[in-house]
Each structure stands twice: as C-alpha cells, then as structure tokens.
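Here is the structure we will look at.
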Amino acid sequence: MTLKAERTTSLQSSAFDTLSEPVRRWIWQRKWRSLRDVQKKAIPAILAGGDVVISARTAAGKTEAAFLPLLTRHAEHAGSADGFAILYVSPLKALINDQHRRLESLCEGSGVLLHKWHGDVSADAKIRARKRPSGIVLITPESLEALLVRRGGEVARMFSRLDAVVIDELHAFIGTERGMQLQSILNRIEVATARDRIDRIGLSATLGDMSLAAEALRPGKGASVTVVEGKDEGNGVRLQIRGYLLDGTAPGDLTATTDDSGPPAKPAEPFEQSTVPSALAADLFRLLRGQSNLLFAGSRANVEVYADMLRSMCDQASFPNEFFPHHGNLARAMREEVEARLRDDPRPTTAVATTTLELGIDIGEVETIAQIGPGFSVASLRQRLGRSGRRAGKPATLRIFVIEPPIGKGRHPIDRLRLDLVQSIAMVECLRAGWCEPPLPAGLHLSTLLHQVVALIVQTGGISPTVAWKLLCERGPFRAVDKTLFAELLRCMATPENQLLEQSPEGLLMIGETGEKITESYEFYAVFATEREYRIIHDARTLGTYPLSSPLARGETIIFAGRRWQVIEIDDRARVMMVKPTRAGKPPHFNGKGAAIHDHVVAAMRAVLVSDEAYPYLDPAAKLLLDEARSSHLDLQLDRRSIIAHGEGVLVFPWVGTRKLQTLTLALLAREFKASHLGHAIELQECEAAKVMEALQDIAGSPAPDGQELAARLAQPALAKFDTFLSDQLMTLVTMVERISAKDLPLIAANALGNHTTHEVT
DNA sequence: GACCTGCTGCGGTATG
C-alpha cells in the first residue's frame, strides 16, 4: 500500500469526515496518519454542542481536539467582525505564546483571525482587536478581568456572538481563588450578553474523579457536561524509591537503637537545607549526567542547593555543566534559557526545578524524572511522571530519593517510623491504584467575592445589592454565600475604614473612595496575593527576585541562579540588590506557607506500616529502612494502639491528613493540653496517657462543635489578597470553613482512640 | 513541610 493510500484508510474515520473542508486540508498538510484517540472522541462531542471536558495526558493533542471541531462549527461565520467567536483562557502567558504558534496556520487556512491578549502584548494590538472583534482570542483571566472592568460598556458587543470558551489546564484552576474568579467572569459575560449558556470546553489532566472537573467547568450543573477521556497511549512506567541516611550512619542497625534507657529523644531537627548525603550526591551525578532529566527538589532553596552541588561536581570532574536551576524567583529570561536548552539543544540537560515545570509548557521529552522526598500530593507526582516516557518504546521513569535521619540511641518514635519513606511508598501505591487528590470542597472565598463585587460595580457603573447577589452567588460560583452573609460582606465593604463602596439614594451600589483607588492600579486584576521582593542584579542583568521579608545584609553571600554571590549594595527604595560573584554562598531563604497532606495518603501510610507486602521498586537501602519502620511500628505496638507514652509526655497517632490533625490539636489545646502537631502525630508535653484518653473519649462522645472556639485559637493572618478588608467576624468565619474541619472532630477523636480500651495504656 | 500564576493607561524619551 502506498503511504497516501494508507493515510486515506486511517483518516477515513467518521470523525475526520465531519470536519470542515479547510480543517481537513490542514490535517492533510500536516501529514497526520490518523487522528489521536482523544481527538476522535472529542470531535463528535463538540460538534453536538454543549459543555465538554477533554481529559488526557500532556502532549496527547487536546488543543487540536478542541479547535478542529470548533473551527468547523465556526466555518459559516468566518470573516464576520461583529464579535469574537472563540475565547481561549490559559493560566500562563507562556502557554498562550505556545498555543498561538500551534494554531496560526490552522486559523489562516480557515480564514479566522487569531489574537494573543496578555500583559506582554502591545496596547496597539489590543485596540485593533477590540475595534473589529472577530475570530479567536487567547487570553489570561487577569486580562479578561481588565477588559470587563475597563470596557464594561463594550462587553455585550464584543461577546454577543461568542460560540464557545476553551479553558486550558482546567485542573490548575479547580479549587483556587483564580478559578473562582474565572468562573465568575464567564458568568458575568453570559449575563452581560443575555445568553443563557455559552458552551465551555475544558482541557484537563486526568483526575481521579472527572465529575469534579465537570462541576468546575459548569458550577451547579456538572452532570450536564460531557466528559471525554483520552486513552493513555504511554509505554508503561519504571519506578524506584531509593533510601539514604545522612553521612556517618547506615540503615539496618536497628538492634543497637531500641534501647529505651536514658532521656527520651527529641525527633531529629529537619535537615539543614544544605545537607546532602554524599552517597545521594554521587548517585544523582552518576544517574542523571549524560542525558536529559527533570530533578524536582521540593523547594526553591533546595533547587539552588542541588543545582549548585551538581554544577560543582561537573567542575571537579572537568565536565561541562549540564545542571540548571528553574524556579519562580528566577528571571524569566534565565528560565527560558533552560527551557530552550531542554527543547532544542542536543546537549544533555537536567533542569533542577520546583513545580514550575509541572504545567504544560513545551520542553520536549526528557529521559527520567527524579524527585527528592515524597512531595506533597499524588496529583503532582502524576503530572511529573507524564513529563517522561513520551518517545515510542520508552517507559516513563521516576526515581524518588528519600533521606532519613541518622540512627542514634533512643531515637524518637517519629524518626524510628521513617515516615518520609513510608509516605513515598504510600503515594506511589495511591498512584498505582489510579487515585489522586480531589480539589478541596468549595470554601467561602470571601476575598475573591469582595473583589468581584468591586469589579462588577465598575463594569456596570452601579448595581442593586439583590441583583449583585443573584448574579455572583445564586447564578455565579459563590454558592456557599447566602443573602445574609452577602449583606454582611457589603456592610463590611462600606464601613468608614474600608470605603470600598457606598449606596446611592436609589439603593444602587456605587464605588467608594478606596474602591476608586484600588481599581485605578493595574494590581487590581489578579485575585491572588504576592510577596513584595527585591530584584537581584549582577552587571545590569536581573538574575531574579528575593523576598523583602528575608532581607540580606551587605557583604552576605547567597547561592542563587545556580551560582554563588556576595551582596555589594542594597537599594531599599528601588528594591534592588546588587551582587558580585564569589566562592562561598549560603542557601537562599524563601517563606513557605506549609503543606497539607490528604487523609487518603495518611491512611495509605498506615496500610504500608501494617502490611508485610514487599514493594519491588525499593532499592536495598529503602528496603532496610522499611523493615526498620515496620519493626518500630510493632515495637511501639502501634498496630494495637494509637496513644503511646514518651518521656514525660504522650504521642497520639490519629492517622488523618494535615487539616484534621490540626483540628484535633486545636481541640486538645482548648482542653489545656500542651499540644503541638509533629509530622503525622500530635505531641502532648507533661501529661499522662490516661488523661489524654479521657479527653479523646469525651471529644468522640460529644456533638461536633461549630468550630468558632477552635478558629479563635488559630492565628488568622490575611492569607488571601483582599482578606485585609474583612471584619474579625468574617475572618473567623473564613477560618472555620476553610482551615479546620470541626464537624469531623468526634470522628477524628474516635480514630485517635483506635481500638483502645482504658486498660491498655498504662 | 511548598509551589505557582497575573497586570492598564498614561506620560516620558528616543528613533525613523
């Protein structure tokens, strides 16, 4: 059979035949042999009309799966200039630039205009698009917000002919402030154009439960969304977990360490960021050098430490460097250099990265993925794994490197349980079982609702409170906010201190003095909070940014952008730090906000400790560490109890996720225990096990509290961007709903009691 | 025990 005949056969699918002539011609020109699985499924679904979620792994052709049928639908209107036809929303400017390149020829062939629209696009290009609105717009949520706020009067004209909205990386929006804003904006567009429903197409990574993505695409009506899932066309997975101890110790020396005489041990301090076991350093160098990889180091500080270490190992061995840091505080130009080298340069390259390289930016194919420690979610483990194994016949390869504290006499039970290793195994097991974290249940999102009220007032010029509530909360995404709470929020916004809004004599909400001020600044459009930062500059080149809250002194040294520097000048007014190269350097310091591990993962950890399953993907050192963990678990009798005496105090293991652990800790603090949460356990100082059991039994047997008292104990810093405008009462309400789970408290306490009877603990 | 993302309209000056 000739090549052409072969292609004719495989392209003669019914899906292909339903596409418009220019779209089919474009596919021929690309010399595609056939449509990908996800495209064949998505085409009929999108041509039928209605909302669709398209889910498949990175690089499975989701973009074309959406645009081939959408352009077919658009064929008869092509060329008209009385409104945009398709709105594509992306969380990243870089992705808009990638997609513009991908769609250019397709749109040209179909006679459809294609507009890029984000902060780096010239005002001129935006004005031209606005004057004769037509075709496709690729835009960010923030630019879309700006368009609605600044050109409120033109919204109806620009979008009245809108056929569909495409949301890329839908999963990245779910459960976030930014996602709430996007849902609200799309709803505002539908209302402004008097359209009941404009079709939405969501492009998403595969989630454990796709109904959540459907609900995120069309809040309240998720059941009406068609979900299209692409078959995984991957080549299998190679997984390994490798164990390491800090230098001077070896795993497997358990007998010498169960001696409980002497003072009770404290858990090992978290490792100094700069401490990398020498065996781990040597293995990373040996396993990664000579090919292209991604090394996820866990934090920006660790990215710098590992990149600096591996670069100096290249130097010492007289090899050219092939390890480069990549994180959010590095200058865009430096990050793009690393991305371009991965994508286009034949030289082997390892990017040492944070989550910056998890999203869909085009970096081509890498051989292996490496990760330091268990990480924080199964979802991100899955995203990372999808970055390798895309070449024919090559499996995805992932190695997790786990560091455990050294063996010492009378180790703390927490250390003896090797929880980082156990968590790594638990996460891999969750991944293998096809589970990953669902997004958090919707919170109140009062910060973003406050923002949307201000934006809506500016967009419309004035609106009645009832209409605003119906639009934003009843029809829009802020479903958890009833009329009473909305009225309280409005009152809070109108106080003399806030002055965000005022009410006209006719009862319309109007913009207040502070409202005017904050909407004048371009900083208004984004709903997520950001830290203020210095720029770090060497020889007129910006290396990146550094938080104002971790100031450095003149003369201090720092590892940054994969090199070592000394601060020579600081300009606080201009917020600039000048640096020069030097030989010494300490790791940089960024402020993390804390991670939350899901209940399901912690339950899986306990299952790993209880079972005697041998996991084939453990290296010998990791096997020994798991043996230690299981022996310790038995030794501490944690198979039969969850409360153990330790020194002068008590340890409680409820085996629940971070949020519930935090809630139980608060409840114990409220009962005057000196409680603090520690890894996956709660430590209570200077108390007896029997007293703790009594308290837990009482909590387990009492009705769930409303959480106000517990929330009042917790610090309530303004976390979300507009929290500073909320009253104490509203802030406490947000804390109750979004940060603790009081309704589960009796169950958590019962869990912590396990199968104890009062006689078991002495 | 963490990470990431985004930005208008104007006035100034330089360049063709």
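The basis for the numbers below is simple: all heavy atoms, side chains too, and nothing from hydrogens, waters or symmetry mates. So that the names make sense, note that chain A is the first sequence line, chain B the second, and so on, each numbered from 1. All figures in this text were calculated on a predicted structure; none of them were measured in a lab.
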query: OP1 or OP2 of B/dC4 sitting under 4.0 Å from any side-chain N/O of A/Thr354?
result: yes

field: Validation row, ring centre A/Trp117 to ring centre A/His100 under 6.0 Å
entry: no

- request: Determine the sole option in A/Arg188, A/Arg150, A/Gln459 for which the side-chain hydrogen bond (donor to acceptor under 3.5 Å, both in side chains) test with A/Glu145 is passed.
  value: A/Arg188

task: Mind checking A/Gly298 for me? I need base, sugar-phosphate or nothing, with any heavy atom below 4.0 Å counting as a touch.
output: sugar-phosphate

field: Whole angstrom value for the distance that separates P of B/dC4 from CD1 of A/Ile361
entry: 11 Å

What nitrogen or oxygen pairs link the protein and nucleotides 12-16 of chain B at under 3.5 Å?
none

- prompt: Counting only side-chain N and O atoms of A/Arg300, is one of them less than 4.0 Å from OP1 or OP2 of B/dA2?
  reply: no

- request: Would you kindly give the CG-to-C1' distance between A/Leu719 and B/dC4, to the nearest whole Å?
  value: 16 Å

- request: Measure from the ring center of A/Trp435 to the ring center of A/His600 and say whether it is less than 6.0 Å.
  value: yes

Value in whole Å for how far the P atom of B/dC3 lies from CD of A/Glu437: 18 Å

message: Whole angstroms only, please: what is the NE2-P distance between A/His677 and B/dG1?
response: 9 Å

- request: Starting at the 5' end of nucleotides 5-10 of chain B, put B wherever the base has a protein heavy atom under 4.0 Å, S where only the sugar-phosphate does, and a dash everywhere else.
  value: BBBBS-

Tabulate below the donor-acceptor pairs under 3.5 Å that side-chain atoms of residues 378-385 of chain A make, not counting sequence neighbours, or state none.
| unit_1 | atom_1 | unit_2 | atom_2 | d |
| --- | --- | --- | --- | --- |
| A/Ser380 | OG | A/Glu358 | OE2 | 3.4 |
| A/Arg382 | NH2 | A/Thr206 | O | 2.9 |
| A/Arg384 | NE | A/Glu358 | OE2 | 2.7 |
| A/Arg384 | NH1 | A/Gln371 | OE1 | 2.8 |
| A/Arg384 | NH2 | A/Glu358 | OE2 | 3.0 |

message: List the residues meeting ring-ring contact (aromatic ring centres under 6.0 Å, His included) with A/His326, not counting sequence neighbours, and say none if there are none.
response: none

- request: Describe the nucleic acid contact of A/Gln181 in one word from base, sugar-phosphate, nothing, applying a heavy-atom distance below 4.0 Å.
  value: nothing

field: A/Arg399: salt bridge (charged side-chain N to carboxylate O under 4.0 Å, His left out) partners, not counting sequence neighbours
entry: none

query: Is A/His680 side chain donor-acceptor paired with the B/dG1 base, going by distance under 3.5 Å alone?
result: yes

- request: Nearest whole angstrom, please: distance from the P of B/dG1 to the CZ of A/Phe590.
  value: 17 Å

query: Does the pair A/Leu714 and A/Gln662 meet the rule for a side chain to side chain contact (heavy atoms under 4.5 Å, CB included), with working shown?
result: CA-CA 10 Å; A/Leu714 202 59; A/Gln662 163 90 288; 4.0 Å; yes

- request: Have a look at A/Glu142 and tell me which of A/Arg178, A/His118, A/Lys93 forms a side-chain hydrogen bond (donor to acceptor under 3.5 Å, both in side chains) with it.
  value: A/Arg178

message: Between C1' on B/dC3 and NE2 on A/His171, what's the gap in Å once rounded to a whole number?
response: 14 Å

message: Holding to ring-ring contact (aromatic ring centres under 6.0 Å, His included), I want the full list of residues that pass it with A/Tyr546, two or more places apart in sequence or in another chain.
response: A/Phe590

